[in-house]
Amino acid sequence: RAEEIRLAYSNAVDTLGYRVVMATYTMQHSKYHELSDSVTAMREARRKMRSGRDWQKFKAQYGYIGCISALELTWSSDSGWHVHVHELLFMNPDIATFEIDVADNIMQKWLTNELAPRWVSAVEKVGRTASIEHGLQIDTTDKYITEYVSKHGHLPESVTWDIASEIAQGNRKKSKGGLHPFQILE
């Protein structure tokens, strides 16, 4: 899957001139939340976020054409299951209704201001909570991946970590205090 994501990303950016950013969705959790309930809530909240007239308006404004996403799970004895989604958002500047080829920090602010309130509202509609500050993280991909990996873990030296690895190989990362399902099995 990582190779397919690398190809999609490369074609989108280098060949088609698309803008690609990364979003990470999360919601508050505790050790009392069941994994199945948290996964269901995450999926339903993402579905609700992407429905209605406001979502159609967002798609037109930003030239949003689709995404590649991956559900990721970690567990710790202190806080239980942490369910989150990493997602690449693909946007076509040729169909966007306003200029999206702006500096990374500007695009990050625009998307955060657009999507974070929608995410918090969608999470609340499924009976959970998400904070406006931490529930949705929008980042430009290359910078984010470098910072994320240096903060949260590492891979063997022979492996190159990139945007595709972040989406497709979350089980290979090391998290602070949490375990991925494969680490639990080990």
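All values below come from the heavy atoms of this structure, side chains included, with hydrogens, waters and symmetry mates left out. Along the sequence shown, residues are numbered consecutively beginning with 1.
- Looking at S10, its side chain never comes within 3.5 Å of a backbone N or O of L7 through a donor-acceptor pair.
- Looking only at distances, no side-chain donor or acceptor of H82 sits under 3.5 Å from a matching main-chain atom of T74.
- Using a 4.5 Å heavy-atom cutoff, the side chains of N11 and Y18 are not in contact.
- In terms of modelled atom types and a separation under 3.5 Å, the side chain of W119 and the main chain of T26 share a donor-acceptor contact.
- Residues W55 and K48 fail the side-chain proximity criterion, which asks for heavy atoms closer than 4.5 Å.
- Formation of a donor-acceptor pair under 3.5 Å by the Q108 side chain with backbone atoms of I138 is found in this model.
- At least one donor-acceptor pair under 3.5 Å links the side chain of T40 to the backbone N or O of S36.
- Looking at V123 and Q28, their side chains never come closer than 4.5 Å, going by heavy atoms from C-beta outward.
- Side-chain contact between V102 and W110: present, with at least one pair of heavy atoms (C-beta onward) separated by less than 4.5 Å.
- Taking the ring centre of F58 as origin, the terminal cationic atom of R118 falls outside the region bounded by 6.0 Å and 45° from the ring axis.
- Looking at R128, its side chain never comes within 3.5 Å of a backbone N or O of M27 through a donor-acceptor pair.
- At least one side-chain heavy atom of Q61 sits under 4.5 Å from a side-chain heavy atom of F98.
- Counting non-hydrogen atoms of neighbouring residues, nucleotides and ligands closer than 6.0 angstrom, the CD atom of E4 reaches no more than 12 such neighbours.
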